[in-house]
Amino acid sequence: MSSPVVLVTGASGMVGKALISKLLASNDFSPIAAVRDISNIKVDCPVVYFDLEKSNCMPDLTGVEVVVHTAARVHVMDDDSLDTLSDYRRLNVQGTIELAIHAAKLGVKRFIFLSSIKVNGERSFSDKPFTEADEANPIDPYARSKYEAETALVRIGAEYGLEIVIIRPPLIYGPGVKANFYRMLSIVEIGLPLPFGCINNRRSFIAIDNLVSFICECIHNRAAADQLFLVSDDHDLSTPELLVLIASSFNKGVILYPVPMILLKMLASALGKKNLMERLCDCLQVDITKSKNVLGWEPQVSVTDAFRQTVKHYIRSK
């Protein structure tokens, strides 16, 4: 029996690149990498051009059984203008709709959409982790665009008989991580004292290896069809625990001063960093019971090992 052909959009991004590597290593799939810049990717599989901004140039999906859609306009902190919402909708909603309809018309069986836990909301409350049954509460333009894309995909799936799988991960980390998580690694490496000793929150994360493992499960598991899943490492951390874990991966300690959270938030607001401080102080937990029970999936990499791999790559790539 031939291996199922899987097209991965955004194959040059962090998730797409790791997924392509996993699919190639497993020998159970025949991946195709779909990217915007063909000259900027080196993989041992076919590569096709795909740009969310150019709906008139869809990839040839003949023979493709599964599309994993990771390409997107990504979230940018404090980027919440009305014009930005229009941009997010044009790429994350309209681009996704056009790709899904194109896939359905060419006989693709399953469409896996990488969404975001931000569709559930910016924070969880009262020690009540988010679940798939919670009402959506997208706040910023990025989250709203992801939710609108989800809703459109469900309609397309029902109309065309295309199996839709929606995955909402929390913050993704691992080798090659960028943005705020990369800056956190840099700060911990330097050894600066940090004022976060009083923070007593809980946040869910997911290592790139665990996310890729879950996506692979969704590719071949029949039970994933037409389902929404939340996914994480199943090991929530407070901000102080996160910083200690990062520091230990550097084989060093970290000094955390016990500054009250109300003072931290007041100072952050004065400096225009309110949203960043809320992410450091607030809770955002997800319950992955459904993902484990429906698919029989468990995280493949421990949090300790995942952070060691992240830091090792960070040091090597400097």
Side-chain angles (χ1 to χ4, degrees), residues 8 10-26 31 68 70 72 74-75 112-118 120 124 129-130 165-189 201-219 221 224 229-251 254 279-280 283-292 295-317:
V8 180
S12 59
M14 181 181 176
V15 176
K17 187 183 300 182
L19 179 57
I20 288 287
S21 295
K22 179 72 172 180
L23 295 175
L24 286 169
S26 72
V68 182
T70 76
V74 298
H75 174 249
I112 300 174
F113 179 60
L114 193 68
S115 187
S116 169
I117 194 57
K118 287 169 67 65
N120 284 71
S124 55
F130 287 133
V165 184
I166 296 168
I167 303 171
R168 293 180 187 165
L171 191 149
I172 305 164
Y173 69 96
V177 68
K178 299 179 181 179
N180 289 326
F181 207 97
Y182 183 92
R183 286 190 282 273
M184 189 181 299
L185 295 176
S186 303
I187 291 170
V188 173
E189 182 190 26
N201 60 347
R202 308 300 294 175
R203 294 188 75 89
S204 298
F205 302 89
I206 187 161
I208 186 65
D209 286 347
N210 285 333
L211 178 57
V212 165
S213 164
F214 186 78
I215 294 173
C216 288
E217 189 67 35
C218 289
I219 290 173
N221 195 320
F229 295 108
L230 306 189
V231 64
S232 78
D233 288 332
D234 206 20
H235 185 135
D236 297 344
L237 299 166
S238 68
T239 295
E241 288 172 340
L242 171 64
L243 294 168
V244 168
L245 186 54
I246 292 173
S248 67
S249 299
F250 279 109
N251 293 318
V254 60
R279 284 164 174 76
L280 288 172
C283 293
L284 197 162
Q285 294 177 270
V286 305
D287 182 339
I288 66 169
T289 300
K290 176 182 175 180
S291 295
K292 294 193 291 185
L295 300 182
W297 176 84
E298 294 284 346
Q300 302 297 296
V301 180
S302 71
V303 168
T304 301
D305 288 344
F307 273 96
R308 285 175 180 164
Q309 293 170 15
T310 303
V311 168
K312 183 178 180 180
H313 183 275
Y314 166 84
I315 294 171
R316 190 170 60 243
S317 63

If you look at every heavy atom in [X] and [Y], which pair is closest and at what distance?
X      : Y      : answer
Gln285 : Ser204 : CA-OG, 3.3 Å
Ala207 : Ala306 : CB-CB, 3.5 Å
Ala224 : Val165 : O-CG2, 3.3 Å
Gly174 : Thr310 : CA-OG1, 3.1 Å
His235 : Val303 : CB-CG2, 3.4 Å

Exercise for the section: In plain terms, say whether Glu241 and Arg202 are close enough for a salt bridge, that is, a side-chain N and a carboxylate O under 4.0 Å apart. Expected result: yes
Check: [Y] and [X] side chains under 4.5 Å, non-hydrogen atoms:
X      : Y      : result
Val188 : Leu243 : yes
Val311 : Leu185 : yes
Met184 : Val177 : no
Leu242 : Phe307 : yes
Pro129 : Ser124 : no
Asp234 : Lys292 : yes
Asn120 : Val286 : no
Asn180 : Leu171 : no

How many angstroms lie between atom [atom1] of [X] and atom [atom2] of [Y], to the nearest 0.5 angstrom?
X      : Y      : atom1 : atom2 : answer
Arg308 : Ser248 : CZ    : OG    : 7.0 Å
Asp209 : Tyr173 : CG    : OH    : 9.0 Å
Phe205 : Phe181 : CZ    : CZ    : 6.0 Å

Check whether [X] reaches the backbone of [Y] with its side chain - one donor and one acceptor, N or O, closer than 3.5 Å.
X      : Y      : value
Asn221 : Leu295 : yes
Thr239 : Leu280 : yes
Asn201 : Ser238 : no
Glu298 : Gly296 : no

Practice task
Might you work through the side-chain contact (heavy atoms from CB on, under 4.5 Å) test for Glu189 and Tyr314, ending with a clear yes or no?
Solution key: CA-CA 10 Å; Glu189 182 190 26; Tyr314 166 84; 2.8 Å; yes
Practice task
Dump the intermediate steps for side-chain contact (heavy atoms from CB on, under 4.5 Å) on Leu230 and Ile117, then the final yes or no.
Solution key: CA-CA 7 Å; Leu230 306 189; Ile117 194 57; 3.8 Å; yes
Handout entry: Lys290 NZ: over 12 foreign heavy atoms closer than 6.0 Å
Key = yes
Handout entry: Matching residue for Leu211 among Leu19, Thr70, Asp233, Ile172 - test: side-chain contact (heavy atoms from CB on, under 4.5 Å)
Key = Ile172
Problem - Candidate list Leu284, Asp287, Ile288, test side-chain contact (heavy atoms from CB on, under 4.5 Å), partner Phe130, passing option - result: Leu284
Exercise for the section: For Lys312, check side-chain hydrogen bond (donor to acceptor under 3.5 Å, both in side chains) against everything at least two apart and list the hits. Expected result: none
Problem - Candidate pair Lys17 and Ile208, rule side-chain contact (heavy atoms from CB on, under 4.5 Å), full reasoning - result: CA-CA 10 Å; Lys17 187 183 300 182; Ile208 186 65; over 6 Å; no
Practice task
For Cys218 and Ile167, run side-chain contact (heavy atoms from CB on, under 4.5 Å): C-alpha distance rounded to whole Å, both residues' side-chain angles, the deciding distance at 0.1 Å, then the answer.
Solution key: CA-CA 9 Å; Cys218 289; Ile167 303 171; 4.1 Å; yes
